[in-house]
Asker: 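Okay, here's the structure, questions in a sec.
Keep in mind that the numbers below use all heavy atoms, side chains included, and drop hydrogens, waters and symmetry copies. The shown structure was predicted, so the numbers you read here are calculated from the model rather than taken from an experiment.
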Amino acid sequence: MQRATLVIAALAIAAAAPTLHAKQPVKAEAEAAAQVRCGNPVGTWRNQMGSEMRITAYDPRSGAIQGQYRTSSGAPGFYPLVGWVNSAPAQPGGSNLTTYAFTVRWNQIGSITAWTGTCVDGPTSSGLRTLWQLARPNSQFDWDHILAGADTFVSP
């Protein structure tokens, strides 16, 4: 009887473990084996130009993400990244995607880039599709301080 009670207690703890873990921030080191997905963004993402986004922490309760970003065009090294992941329950008959917003501060350069987009995990298409705006302090023209574009990030 005592052994059966221990087995039942161990099974109850094991069943509750994913729920308890989901309430804690996810760290990159602890999740190295987990596949990077829209609902589990911790890991490395790359865009079509070869820039690298490393999401190192994700708090599923608040949706907060943080990490580092390295551009393939210009500024050397990694720069701080902060942002949000958000989702809502699927509605019948519609498409349901996870939404993202994140920013990078380019330190001594003085620029800031902000991305917003949607993430899809699917058999025919997956990735984080974003639009971005870069605000820069120095330019030759007054009208040229904000640049815009699009990026698609995938996990290699």
Side-chain angles (χ1 to χ4, degrees), residues 17-156:
T19 304
L20 294 172
H21 178 70
K23 294 181 180 179
Q24 299 299 318
V26 178
K27 296 290 184 188
E29 306 82 43
E31 296 297 319
Q35 185 177 11
V36 176
R37 306 288 288 181
C38 296
N40 179 32
V42 173
T44 300
W45 300 74
R46 286 192 179 84
N47 71 9
Q48 71 282 358
M49 301 298 292
S51 295
E52 183 178 326
M53 172 173 56
R54 293 181 184 171
I55 297 178
T56 57
Y58 167 56
D59 183 343
R61 290 177 297 159
S62 69
I65 58 174
Q66 64 183 31
Q68 300 174 323
Y69 191 92
R70 180 190 54 79
T71 183
S72 63
S73 58
F78 281 88
Y79 293 83
L81 175 146
V82 295
W84 302 97
V85 176
N86 209 359
S87 62
Q91 298 198 1
S95 175
N96 182 263
L97 300 176
T98 304
T99 57
Y100 277 71
F102 54 93
T103 61
V104 170
R105 180 178 180 262
W106 302 102
N107 296 340
Q108 72 279 5
I109 297 166
S111 300
I112 295 175
T113 304
W115 289 260
T116 59
T118 56
C119 192
V120 60
D121 288 325
T124 59
S125 173
S126 19
L128 174 55
R129 295 176 288 213
T130 66
L131 296 176
W132 57 262
Q133 289 190 318
L134 178 141
R136 57 187 177 174
N138 298 305
S139 178
Q140 291 182 321
F141 307 100
D142 186 46
W143 52 266
D144 193 36
H145 286 275
I146 298 176
L147 306 175
D151 281 324
T152 299
F153 293 89
V154 294
S155 179

Asker: With side chains defined as the heavy atoms from C-beta onward, is the minimum distance between Gln66 and Thr56 less than 4.5 Å?
Answerer: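 Result yes, sub-4.5 Å side-chain heavy-atom pair found.
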Asker: Going by heavy atoms in the side chains, are Ile55 and Gln68 under 4.5 Å from each other?
Answerer: no
Asker: Does Asn40 reach the main-chain N or O of Gln35 with its side chain, forming a donor-acceptor pair under 3.5 Å?
Answerer: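 At least one qualifying donor-acceptor pair exists.
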Asker: Restricting to non-hydrogen atoms, name the atom on Arg61 and the atom on Asp59 that form the minimum distance, rounded to 0.1 Å.
Answerer: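 Taking every non-hydrogen atom into account, N-OD1, 3.0 Å.
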Asker: Passes side-chain contact (heavy atoms from CB on, under 4.5 Å), Tyr79 versus Thr71? Steps please.
Answerer: CA-CA 9 Å; Tyr79 293 83; Thr71 183; 5.6 Å; no
Asker: Test Phe102 against Val82 for side-chain contact (heavy atoms from CB on, under 4.5 Å), laying out the working first.
Answerer: CA-CA 6 Å; Phe102 54 93; Val82 295; over 6 Å; no
Asker: Testing the basics here: between Val36 and Pro41, what is the closest heavy-atom pair and its distance to 0.1 Å?
Answerer: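 Smallest interatomic distance, heavy atoms only, reads CG1-O, 3.9 Å.
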Asker: Between OG of Ser155 and CG of Leu128, what distance do you get to the nearest 0.5 Å?
Answerer: 11.0 Å
Asker: Atom OG of Ser51 and atom CH2 of Trp45: how far apart are they, to the nearest 0.5 Å?
Answerer: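 Here the interatomic distance stands at 15.0 Å.
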Asker: So how far is it from Arg37 CZ to Ser126 OG, rounded to the nearest 0.5 Å?
Answerer: 6.0 Å
Asker: Might you point out which heavy atoms bring Ser72 and Gly50 nearest each other, and give the distance in Å?
Answerer: CB-C, 3.8 Å
Asker: If I take atom CE from residue Met49 and atom OG from residue Ser73, how far apart are they, to the nearest 0.5 angstrom?
Answerer: 6.5 Å
Asker: Answer yes or no: is there a side-chain heavy-atom contact under 4.5 Å between Leu97 and Cys38?
Answerer: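 Of all side-chain heavy-atom pairs linking Cys38 with Leu97, none is under 4.5 Å.
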Asker: When the side chains of residues 130-137 are checked against the rest of the protein, which donor-acceptor pairs come out under 3.5 Å, sequence neighbours left out?
Answerer:
from	atom 1	to	atom 2	distance (Å)
Thr130	OG1	Asp151	O	3.0
Arg136	NE	Asp144	O	3.1
Arg136	NH2	Asp144	O	3.1
Arg136	NH2	Asp144	OD1	3.2
Arg136	NH2	Asp144	OD2	2.6

Asker: If you take all heavy atoms of Gly39 and Asp121, which pair is closest and at what distance?
Answerer: N-OD2, 4.3 Å
Asker: Would you give the length of the straight line joining atom CD1 of Ile146 to atom CD1 of Ile112, rounded to the nearest 0.5 angstrom?
Answerer: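 Taking CD1 in Ile146 and CD1 in Ile112, the distance rounds to 11.0 Å.
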Asker: Find the distance between CZ (Arg54) and CZ (Arg46) and round it off to the nearest 0.5 Å.
Answerer: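 These two atoms lie 8.0 Å from each other.
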Asker: One pair to check against side-chain contact (heavy atoms from CB on, under 4.5 Å): Trp115 and Met53. What are the steps and the verdict?
Answerer: CA-CA 12 Å; Trp115 289 260; Met53 172 173 56; over 6 Å; no
Asker: Which pairs pass side chain to side chain donor-acceptor pair (under 3.5 Å) with one or both residues in residues 91-108, sequence neighbours excluded?
Answerer: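 Listed by first then second residue: Arg105-Asn107, Trp106-Thr113.
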